[in-house]
Amino acid sequence: MPELPEVETTRRGIEPHVVGRTVARVLVRNPRLRWRVPAKLVEELPGQTIRSVTRRGKYLLLAGDTGTAILHLGMSGSLRVVTATQPADPYDHVDIVLDSGDCLRLRDPRRFGALLWTRADPLCHKLLRGLGPEPLGADFSGDYLYGKLRGRKRAIRDALLDSRLVAGIGNIYANEALFAAGIRPTRRTGKITRAQYGRLADAIRATLKRALAAGGTTLRDFRNGRGEPGYFQLSLNVYGREDEPCRVCGTPIRAKRLGQRTAFYCPKCQK
DNA sequence: CTTTTGACCTGACAGC
DNA sequence: TGCTGTCAGGTCAAAA
């Protein structure tokens with residue numbers, strides 16, 4: 001479900017309720033996420049004060065006193081602040097109960113998400129250390145993309161989904177940014193010019209910022225930390241719009257299976 | 001090394 | 001109504 005804008009929206013939603021609070025207890029109803037929730041987290045997190053809630057790519061990092069919880073929402077995960085007494089749904093797998101009486105509740109029907117614990121620098125964790133630059137950070141640019149992808153043959157849509165190249169972009173925003181840049185998702189990365197990569201980097205940043213301003217995209221069940229949906233689905237130009245008219249030229253939007261995921265594009269606006 | 005494929009899970013939906 | 005097949009916001013690990 002969640003890409004960078006949804007994870008960042010979640011981060012902003014929970015941060016004021018979590019930072020400075022002390023963890024009273026951790027309740028794991030089902031530890032079987034993508035990886036088993038470590039017993040160490042249940043043992044060590046209670047009693048610790050949450051010092052910060054940060055994001056790297058699609059990962060959320062809750063820093064305590066002696067370690068950091070690493071959280072990923074996978075395809076169907078969501079994280080909400082609720083009153084600790086609120087009854088849990090069948091897919092509410094973990095509660096991090098705070099001294100305020102609130103609790104951070106992790107819901108994840110498909111269990112592709114993760115909740116891990118590290119005592120070391122989380123940015124050096126196996127899952128995070130190979131991540132590419134933040135697309136909204138200073139070290140992401142058209143020249144960066146050009147340098148990395150020049151001479152390669154992958155479809156550009158697939159390259160944008162590769163978190164080692166750039167962190168946080170998923171299928172929605174890869175397709176939307178490619179539309180904004182006028183590049184077909186199937187285009188081989190080696191056939192894109194330096195100037196086009198400049199436009200693509202700009203389009204990625206602009207698309208992510210607009211999605212953030214809209215509170216993310218809610219296709220099915222995304223909710224921010226307070227349970228409210230996002231609104232960027234109203235602004236989607238291609239994702240999920242097969243056979244609907246292009247908002248720019250009216251040509252029907254096409255869907256094409258690329259690997260395991262569907263790519264969407266306007267055959268007239270994107271070359 | 002680069003790129004593709006399979007696997008992990010459940011729910012929603014289309015079609016028969 | 002109920003069954004089957006397909007698809008979904010991710011990404012690691014293994015194969016090609």
Side-chain angles (χ1 to χ4, degrees), chain A residues 1-11 29-37 55-60 70-79 89-94 106-116 125-132 135 147-178 185-191 207-208 211-212 214-224 229-236 238-243 255-264:
Chain A
M1 142 179 82
E3 305 183 34
L4 187 154
E6 291 74 41
V7 176
E8 178 62 19
T9 296
T10 298
R11 191 197 69 75
R29 297 185 191 84
N30 184 354
R32 301 177 57 210
L33 301 182
R34 176 152 195 190
W35 297 281
R36 174 168 277 268
V37 176
R55 180 191 57 76
R56 175 78 174 96
K58 297 171 190 167
Y59 289 93
L60 284 173
I70 299 173
L71 216 150
H72 195 291
L73 298 176
M75 286 280 264
S76 59
S78 61
L79 195 59
D89 287 341
Y91 303 114
D92 291 339
H93 302 311
V94 180
L106 176 62
R107 176 187 164 87
D108 188 2
R110 291 178 75 182
R111 292 191 276 120
F112 285 175
L115 175 57
L116 300 170
H125 188 276
K126 186 185 174 190
L127 294 174
L128 280 82
R129 72 179 165 220
L131 292 177
K148 283 280 188 180
L149 299 177
R150 178 178 42 165
R152 308 265 187 85
K153 293 195 295 198
R154 258 196 309 184
I156 182 61
R157 199 289 312 265
D158 290 339
L160 294 180
L161 295 183
D162 184 347
S163 63
R164 291 166 310 178
L165 177 73
V166 54
I169 299 175
N171 203 28
I172 295 177
Y173 299 111
N175 280 285
E176 292 298 314
L178 285 165
T186 49
R187 181 124 223 154
R188 307 266 183 172
T189 62
K191 301 212 160 185
T207 301
L208 293 175
L212 269 170
T217 300
T218 297
L219 294 181
R220 293 173 187 78
D221 53 7
F222 170 70
R223 294 292 184 274
N224 67 20
Y231 293 97
F232 195 67
Q233 65 277 11
L234 302 174
S235 301
L236 295 176
V238 288
Y239 185 88
R241 299 193 63 243
E242 181 178 14
D243 296 335
K256 181 177 170 61
R257 202 80 177 154
L258 259 192
Q260 305 291 320
R261 348 271 313 255
T262 305
F264 298 90

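So that the names make sense, note that chain A is the first sequence line, chain B the second, and so on, each numbered from 1.
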Dot-bracket, DNA chain C: Watson-Crick or G-U, under 3.5 angstrom, [ ] crossing, | other strand? .|||||||.|||||||
A:D89: partners by salt bridge (charged side-chain N to carboxylate O under 4.0 Å, His left out), with sequence neighbours left out: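 A:D89 satisfies salt bridge (charged side-chain N to carboxylate O under 4.0 Å, His left out) with A:R107 only.
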Applying salt bridge (charged side-chain N to carboxylate O under 4.0 Å, His left out), can you list everything that pairs with A:R11, at least two apart in sequence or on another chain? A:E8, A:E15
Spell out, as yes or no, whether a donor-acceptor pair under 3.5 Å connects the side chain of [X] to the backbone of [Y].
| X | Y | result |
| --- | --- | --- |
| A:R56 | A:L131 | yes |
| A:N175 | A:Y239 | no |
| A:E176 | A:L236 | no |
| A:T189 | A:I156 | no |

C1' spacing across the pair B:dT10 / C:dA13, given as an integer number of angstrom: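 It comes out at 22 Å once rounded to the nearest Å.
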Could you measure between the two P atoms, the one in C:dT11 and the one in B:dC1, and give it in whole Å? 22 Å
Provide, to the nearest angstrom, the distance between the [atom1] atom belonging to [X] and the [atom2] atom belonging to [N].
| X | N | atom1 | atom2 | value |
| --- | --- | --- | --- | --- |
| A:Y59 | C:dG10 | OH | C1' | 9 Å |
| A:L160 | C:dG9 | CG | C1' | 16 Å |
| A:K153 | C:dA16 | NZ | P | 18 Å |
| A:D162 | B:dC1 | CG | C1' | 13 Å |
| A:N171 | C:dG10 | CG | P | 7 Å |
| A:I169 | C:dG10 | CD1 | P | 11 Å |

So what does [X] hit on the nucleic acid, given a heavy-atom distance under 4.0 Å: a base, only sugar-phosphate, or nothing?
| X | result |
| --- | --- |
| A:L161 | nothing |
| A:R152 | sugar-phosphate |
| A:G170 | sugar-phosphate |
| A:R188 | nothing |
| A:F232 | nothing |
| A:K126 | sugar-phosphate |

Which residues pass the ring-ring contact (aromatic ring centres under 6.0 Å, His included) test with A:H72, sequence neighbours left out?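 ring-ring contact (aromatic ring centres under 6.0 Å, His included) list for A:H72, sorted by chain: A:Y59.
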Picking from C:dG9, B:dT4, C:dG10, which would you name as closest to the side chain of A:Y239? C:dG9
DNA chain B: A:R164 or A:R220, which has the more 5' nearest nucleotide?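 Taking each residue's closest nucleotide, the earlier one in sequence belongs to A:R164.
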For [X] and [N], is the shortest distance between a side-chain N/O and OP1 or OP2 below 4.0 Å?
| X | N | answer |
| --- | --- | --- |
| A:R261 | C:dG10 | yes |
| A:T262 | C:dA8 | yes |
| A:H72 | C:dG10 | no |

Solution key, residues 147-155 of chain A side-chain donor-acceptor pairs under 3.5 Å, sequence neighbours excluded:
residue	atom	partner	partner atom	Å
A:R152	NH1	A:K148	O	3.4
A:R154	NH1	A:D162	OD2	3.2
A:R154	NH2	A:D162	OD2	3.2

Expected rows: protein N/O vs nucleotides 7-10 of chain B N/O, under 3.5 Å:
residue	atom	partner	partner atom	Å
B:dC9	O3'	A:R111	NH2	2.9
B:dC9	O2	A:R110	NE	2.8
B:dC9	N3	A:R110	NH2	3.2
B:dT10	OP1	A:R111	NH2	2.9
B:dT10	O3'	A:Y91	OH	2.9

Could you grab the distance from atom NE2 of A:H125 to atom CD1 of A:I70, nearest 0.5 Å is fine?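 Spacing of NE2 (A:H125) from CD1 (A:I70) equals 4.0 Å.
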Quick check on side chain to side chain donor-acceptor pair (under 3.5 Å): which of A:R157, A:R261, A:E3, A:Q260 does A:N171 satisfy it with?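 Exactly one candidate clears the test, A:R157.
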